[in-house]
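All remarks here apply to the structure that follows.
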Amino acid sequence: MKKQQDAVIIGGGIIGVSIAYQLAKRGKTVTVLEKDTIGAHASSAAGGMLGAQVEFSEPGPLVELSLRSRSLFPDLQQELYAVSGIDIGLNHAGMLRVAWTEEEGDMLKHRASWQHDLGLRVEWLDRTEVKHIEPAVSDEMNGALYLPDDTQVSAPDLTRAFAVAAVKHGATILERCEVLDIEVADGQITRLSTTQGPFTAEHYVLAAGAWSGRIARKLGLSVSVFPIKGEAFSVLCMPQPIQKTIYSHGCYIVPKSGNRLLVGASSADCGFDERLTLGGLQELMTKAVRLLPALKDCTLEKTWVSLRPQTNDGLPYFGSVSSCKNLLIATGHYRNGILLSPLTGEIIAQMIAGEALDVELAPFSDKRHVPVTS
Ligand code: GLY
């Protein structure tokens, strides 16, 4: 009888393909089932910021994980390039987190203080100092935190690189393959029914981004993952007015190759509504032009929308699922999927391969107390 494969992953976003890559690299047999195309949703829409410092106002377990994951990128860049031939575009120019008011500046100085205590590189720059390193940033701002180690990558290229490298190591990736039904017996999954037939495996991984909550409900799991819409656009700008990522409340501008600037992103809790609205774009464009007035003369390249996977307590879910013996979960990464993708892939692959883990997963367990919202 043919040996059962080691793992089936539900979801071909960046988390699913990172897990597939780490499993295939370890010689495990793995199939990724993606209902659309690889990285079709939040993974390719993302700005690619590795914002382990900029995204968090207080220290905590997610900051620790984010810092660890960020530190994996330089080696990962080499490794993925060697296997897939795809350059993930790791850009080391760093980030400026702009404050508009003195009050916001004080809030950012508080962040600088706890990040400094953690041994991280962070510096408060006043307006003159900001203008000295990035002259095109708005004259209106009050100052900025300089975060030299919050780097960035090309999110679509990273997603593609994980997928291509996974396949090179023997993984199977099936696009347009939607999970229709999940059979469970004796507290474990026995079979997935999909639009491309049935699948069985020793382990199953739920990594379906914003759609994970719907799949979790098929299994009766108390895992709350819901979509938060993000609208974004890009412009072409010659010459590039900025070198570093410029981030302010509700808007970030990320310089990309080919004289592109990626501008993100709105944030709206409106279910699975994937419409790109004029209101959302208008608000984002207004914020972006205020932050970087030179944008007014740039050429609009394209616009897009995607759904981020959020959870009720803002923390992702990683690890085994208490009520289903052969199911692992890796979802709810919200704004930090690109940043957390390398470490998530390693953690889940280590669990499936039975390797020792050196990460404390209790804060991210499905057993933690998560507030219920209506
Ligand atoms: N990582 C930024 C965003 O989700 O908009």
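We count ligands from 1, going down the list as the structure has it; atoms in each ligand are counted the same way. Start at 1 with the first residue, then count along the sequence.
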Atom pair CZ (F233) and CD (E301), whose distance is rounded to the nearest 0.5 Å: 11.5 Å
Flag for T37-E175: side-chain donor and acceptor within less than 3.5 Å: no
When only distance counts, is R308 in polar contact with ligand 1, meaning an N/O pair under 3.5 Å? yes
Can you confirm if the aromatic rings of W124 and Y146 lie within a centre distance of less than 6.0 Å? no
Could you identify the single nearest non-hydrogen protein atom to atom 1 (N) of ligand 1 and state the distance to 0.1 Å? R335 O, 2.8 Å
Please list, in number order, the atoms of ligand 1 under 4.0 Å from a heavy atom of A265. 5 (O)
Taking atom types as modelled and ignoring hydrogens, do the side chains of Q53 and Q115 form a donor-acceptor contact shorter than 3.5 angstrom? yes
Honestly, for Y252 the part within reach of ligand 1 (heavy atoms, under 4.0 Å) is side chain
